[in-house]
There are 2 protein chains.
Amino acid sequence: MKTTVGVPLDIVGYLKGMKIKPSLIRVKVLDYLIHKRNHPTADMIFKALAGEIPTLSKTSVYNTLKSFVLAGVAQEIKIENTEVRYDVFTNVHGHFKCTVCGSVEDLKLDAYNITSDDLEGKKITEHHVYVLGFCSNCNKKKNKKNI
Amino acid sequence: MKTTVGVPLDIVGYLKGMKIKPSLIRVKVLDYLIHKRNHPTADMIFKALAGEIPTLSKTSVYNTLKSFVLAGVAQEIKIENTEVRYDVFTNVHGHFKCTVCGSVEDLKLDAYNITSDDLEGKKITEHHVYVLGFCSNCNKKKNKKNI
DNA sequence: GTTATAAATTGTAATGATTACAAAAATGAA
DNA sequence: TTCATTTTTGTAATCATTACAATTTATAAC
């Protein structure tokens, strides 16, 4: 029997459970998000799927992602103002973006809290944390140069 | 004798100290940021200053803001992908944006920490926290409607 | 003060991600 | 099959931001 670690094996069933009709495009996009785990832009998804779905339009990718966000299947990650990235793991976690190579990673937040008197009277619906810097790879390269 | 609470009274002197030549536009933009405290977009600043500086161009506002960010005088706040907002207070704090009225406020972080095994090997240069929800005003209005 | 040089400012055009919208295709129920 | 609904597509619009070249202003040397 197969096992899994927090990733829905049955993407069609998962989408149905989220009240999203599992069209080919939607299944492919969700499959991409889940298995690539690379926090892609809409354009990255489009380019990756255009091969297997020759008639795919970019608008469809945008539509699909919008419906995912609306249904809580995916979330938008806004770090740069020039691009929105997408993530399927919607539990509370942060994101790290490398300012050199542009890669985005999840950040499991072992300890994380925001407390502030300024929140008095407000109703919080979302909170986001993102960190910028050099990823392990780019940091290594940088250090070599400085020897 | 005058007193102040963390806001530079002498904007010209402050800019000089930050190695930025205090041209009229730069002084006006910084003055606006400091005294309005409204986390404006470039366009909001442009509209506000176009009256007193009739020849002002939007490009100049963008140039000015870019030089401020570069010098560490201001920071960019990226919550929506459709706009960049600016803040002059560069100590560590978060931001709150009301999803109803769009206002942005500072969030003094009484307790705030990010710890994560995922940060191993990385070099962090910036970290950002933003919270979305209903501001006090919009929250009150919402509650009244639901009585 | 004039002149030369650099810096600041401006206006216009380009960029590029996202959205609007209407037509075409696919789906599903009667 | 037929009709209505949903999905998908392609093109055009939007809009913040940037690129860039021209103009203006400031600065310093003479």
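In what follows, every heavy atom counts, from backbone to side chain, and hydrogens, waters and symmetry copies are set aside.
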Sugar-phosphate, base or nothing in reach of A/Ser23, heavy atoms under 4.0 Å: sugar-phosphate
Sidechain N-carboxylate O distance under 4.0 Å for A/Glu83, A/Lys97: yes
Side chain B/Ser57 and base C/dG11 donor-acceptor under 3.5 Å: no
Distance in angstrom units between A/Leu65 CG and D/dT7 C1', rounded: 15 Å
Steps toward salt bridge (Lys or Arg N to Asp or Glu O under 4.0 Å) verdict (A/Glu105, B/Lys122): CA-CA 11 Å; A/Glu105 303 175 23; B/Lys122 295 184 177 69; 3.0 Å; yes
Atom NZ of A/Lys123: over 12 foreign heavy atoms under 6.0 Å: no
Rounded distance (Å) that lies between atom P of C/dT18 and atom CZ of A/Phe46: 14 Å
B/Asn63 vs B/Lys21, nearer the 5' end of DNA chain D by closest nucleotide: B/Asn63
Atom-to-atom span, CD1 of B/Ile25 to P of D/dT25 - whole angstrom: 11 Å
Whichever of B/Arg26 and B/Thr59 has its nearest DNA chain C nucleotide further upstream toward 5': B/Arg26
Co-membership, hydrophobic cluster, residues B/Val29 and B/Tyr62, 4.5 Å side-chain: no
Closest to side chain of B/Asn81, choosing from D/dT7, D/dT17, C/dT18: C/dT18
Short N-O contact, A/Lys78 and B/Glu80, less than 4.0 angstrom: yes
Whole angstrom value for the distance that separates P of C/dA17 from CD of B/Glu83: 19 Å
Aromatic plane relationship, A/Tyr130 with B/Tyr130 - under 30° parallel, 30 to 60° tilted, over 60° perpendicular: perpendicular
Sugar-phosphate, base or nothing in reach of B/Thr55, heavy atoms under 4.0 Å: sugar-phosphate
Sugar-phosphate only, base, or nothing, as touched by B/Thr82 at under 4.0 Å among non-hydrogen atoms: sugar-phosphate
Rounded distance in Å - CG (A/Leu56) to P (D/dT8): 9 Å
Whether over 12 other heavy atoms sit under 6.0 Å from B/Lys28 NZ: no
Between P of D/dT27 and NZ of B/Lys16, the distance in whole Å: 10 Å
Axial bend angle, the helix from C/dG1-D/dC30 to C/dA30-D/dT1: five-pair end segments, nearest 10°: 20°
Spacing between A/Glu52 atom CD and D/dT8 atom C1', to the nearest angstrom: 17 Å
Between D/dT11 (P) and A/Tyr62 (OH): distance, integer Å: 17 Å
